[in-house]
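Have a look at the structure below, then the notes.
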Amino acid sequence: MLKISANLSQKWVISSVSALVFLFLDLLDALFCVFFRLIDEFLEGKTSPCYCSIETEEDKRDTGNEESELSTSLYKRRNVFREMWFRGNVSRRKVNENVRWSDCACENCFSWMSNIGAELKLHVVVKEPEQANLQDFKGKKAENVVFLHGFISSSSFWTETIFPKLSEDAKQNYKLFAVDLLGFGKSPKPNNCLYTIKDHVEMIERSVIHPFELNSFHIVAHSMGCVVALALAAIHPHKVKSITLIAPPYLSSTKEDASLTALNRFAAKRLWPPLLFGSSFMSWYEHLGRCVCYIICKNHRIWEGILKLLTWNRKLHFMAIDLTRHTHHSAWHTMHNVICGGAKLMDKYLEILKKAKVKINVTQGSRDQVLPLECSNNVKMKVPDAEMKIVANADHTSVVIGREKDLCNDLEKLWGSTS
């Protein structure tokens, strides 16, 4: 009895502290909204567009359509102070400037702006087949594989891990495409874009599918990239030979507001574990998140220099570099419009692929602290023919990094089964 009472008291203390912390963050975010509006107007001549106004009747009509581009999680996030102060006062419009004062404008981050006026295309790493003995491959066409990374990552997630570990046969028989998704890595990061699923898919088509004339291809995707992968595959179901989903953020969209449900599940307001607190901080607080991006992303060269000094000028890990290769605008909208907004469309995508009999493999780590195992189970329930593998003792990233050879074996087996 005493033990039960102690546990209840402990939970009450944790809940109380958590409520106070997030109440303080609600206040702080509302104050920074005013701060950014003033400083943006001073530096850029116009106030900062944001999502601080609460839902109106017009919003309800606009988002009632399943295909609505904007996720309701953008402006239905509860904030006591926002609801008190910003009732319909702040507009939700696109930013027109390519580079804002709070974004990094170094050559590495904005090399895509060098050809102003040219059609925007994603940064794509292409690995051609290593056909050492051309006679053996005479008349045989290499198969295509498109790799899509997760949130706040880049093509390096694949080129530094999977590409080098593929077998010699795979290197000779497959043409590999690793994409930097729109708003990340070396790809364009336009501020006049809302980074919807449609935006991401159209850029992949424009940068990979159409120019390389991919009439058939496999897809491999991790985390957020799984949502984009399913959307792409649903548009080209008869071109996709197989799709591998690694830690897919998929919740069955039975709830009335699937997007808001996804936000509450994937970025719940909790202080522990730290990774979840970081996700909630950056996903619920638009202006506090912009502060973090200003400190970290805009000044990434300083932080990288410090890390190099601390590690005796060793080459930085690609994940440390990818962490800063985005703008707040691109990350914020992708989080809400793809990960949360995609929740209301995933069922439809899977239904299309199920009817087209596309082979689907799902892999997730048993210790994934970013996404619940429920996500993979949901895919299996929706598509019973999908193959599912739960990797023991692996988390959200170590399901790939650290077990590259095993994953390569699984991928090659799947690709070979479709030949």
Side-chain angles (χ1 to χ4, degrees), residues 28-29 31-52 70 74 90-118 120-123 149-156 180-196 199-200 203 224 278-279 281-307 316 318-339:
L28 204 58
D29 193 62
L31 293 175
F32 268 98
C33 175
V34 177
F35 169 78
F36 278 119
R37 291 180 70 190
L38 293 174
I39 196 169
D40 284 346
E41 185 171 15
F42 177 75
L43 295 175
E44 298 176 351
K46 60 174 67 176
T47 57
S48 173
C50 64
Y51 295 90
C52 285
L70 284 182
L74 279 166
V90 184
S91 62
R92 296 190 300 273
R93 62 180 187 274
K94 300 178 185 179
V95 183
N96 294 320
E97 297 80 4
N98 279 323
V99 184
R100 309 197 71 192
W101 67 269
S102 54
D103 295 336
C104 177
C106 74
E107 183 179 355
N108 209 355
C109 292
F110 275 82
S111 57
W112 58 275
M113 287 184 61
S114 57
N115 295 323
I116 297 177
L120 290 182
K121 288 190 176 182
L122 302 177
H123 174 75
H149 62 78
F151 190 58
I152 310 183
S153 187
S154 78
S155 55
S156 297
D180 280 7
L181 290 173
L182 183 67
F184 300 93
K186 295 181 180 178
S187 283
K189 306 169 183 66
N191 275 329
N192 61 351
C193 175
L194 293 176
Y195 296 88
T196 62
D199 291 328
H200 284 284
M203 285 297 288
M224 178 206 76
S279 297
F281 184 94
M282 297 300 292
S283 302
W284 285 83
Y285 301 108
E286 180 178 4
H287 305 290
L288 296 182
R290 188 178 174 188
C291 289
V292 172
C293 287
Y294 174 75
I295 295 169
I296 303 297
C297 298
K298 183 178 176 65
N299 301 292
H300 68 86
R301 288 168 294 181
I302 296 175
W303 295 111
E304 289 169 8
I306 293 173
L307 283 175
L316 295 180
F318 68 88
M319 290 186 70
I321 296 174
D322 290 344
L323 192 64
T324 63
R325 295 299 193 270
H326 61 87
T327 64
H328 176 254
H329 185 82
S330 67
W332 173 261
H333 285 88
T334 297
M335 169 64 195
H336 286 276
N337 288 335
V338 176
I339 297 178

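Keep in mind that the numbers below use all heavy atoms, side chains included, and drop hydrogens, waters and symmetry copies. Source: prediction; values computed, not measured.
- With sequence neighbours excluded, the residues that form a side-chain contact (heavy atoms from CB on, under 4.5 Å) with Ile302 are Asn299, Ile306.
- Residues that satisfy the side chain to side chain donor-acceptor pair (under 3.5 Å) test with His336, not counting sequence neighbours, are Ser73.
- Taking the six-membered ring where tryptophan is involved, the planes of Phe32 and Phe35 are perpendicular, since the angle between them exceeds 60° and thus also 30°.
- For the side chain to side chain donor-acceptor pair (under 3.5 Å) test, residues two or more places apart in sequence or in another chain that qualify with Asp40 are Ser48, Arg100, Trp101, Arg290.
- Between the CH2 atom of Trp303 and the CG atom of Leu316 there is a distance of 13.5 Å, given to the nearest 0.5 Å.
- With sequence neighbours excluded, no residue forms a side chain to side chain donor-acceptor pair (under 3.5 Å) with Ser153.
- Side-chain atoms of His333 and Tyr51, non-hydrogen and from C-beta on, do get closer than 4.5 Å to each other.
- Atom-to-atom distance recorded for Ile339:CD1 and Thr334:OG1 is 8.0 Å, nearest 0.5 angstrom.
- The residue from Met282, His326, Met319 that alone fulfils the side chain to side chain contact (heavy atoms under 4.5 Å, CB included) condition with Ile152 is His326.
- Once rounded to the nearest 0.5 Å, the distance linking CG of Leu120 with CE of Met203 reads 5.5 Å.
- A donor-acceptor contact under 3.5 angstrom links the side chains of Asp322 and Ser154, judged on distance only.
- Judged purely by atom type and a 3.5 angstrom limit, His149 uses its side chain to pair as donor or acceptor with the backbone of Leu181.
- Interatomic distance, NE2 of His329 versus CG of Asn191, reported as 5.0 Å (0.5 Å rounding).
- Pro190 approaches Tyr195 most closely through the heavy-atom pair O-OH, 2.7 Å.
- Across all non-hydrogen atoms, the minimal contact from Gly183 to Ser330 is O-OG, 3.0 Å.
- Pairing each heavy atom of Lys298 with each of Asp103, the nearest pair is NZ-O, 3.1 Å.
- Qualifying side chain to side chain donor-acceptor pair (under 3.5 Å) partners for His300, counting only residues two or more places apart in sequence or in other chains: Glu304, Arg325.
- Taking both residues in full, the closest heavy atoms of Cys297 and Leu323 are given as SG-O, 4.4 Å, listed atom of the first, atom of the second, then distance.
- Here His328 contributes atom NE2 and Ser102 contributes atom OG; the two are 8.5 Å apart, rounded to the nearest 0.5 Å.
- Across all their heavy atoms, Asp29 and His287 have their closest contact at OD1-N, 2.9 Å.
- Judged purely by atom type and a 3.5 angstrom limit, Ser187 uses its side chain to pair as donor or acceptor with the backbone of His123.
- With hydrogens and angles ignored, the 3.5 Å screen pairs no side-chain donor or acceptor of Glu286 with any backbone N or O of Cys50.
- For the atom pair CG (Leu74) and SG (Cys52), the distance works out to 11.5 Å, reported to the nearest 0.5 Å.
- For residues 104-113, no pair satisfies salt bridge (charged side-chain N to carboxylate O under 4.0 Å, His left out), with sequence neighbours left out.
- Taking all atoms of both residues into account, the shortest heavy-atom contact from Tyr285 to Trp332 is C-CZ3, 4.0 Å.
- The backbone N or O of Cys193 sits nowhere less than 3.5 Å from a side-chain atom of Asp199 that would complete a donor-acceptor pair.
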Steps toward ring-ring contact (aromatic ring centres under 6.0 Å, His included) verdict (His200, Phe184):
CA-CA 11 Å; His200 284 284; Phe184 300 93; 7.0 Å; no

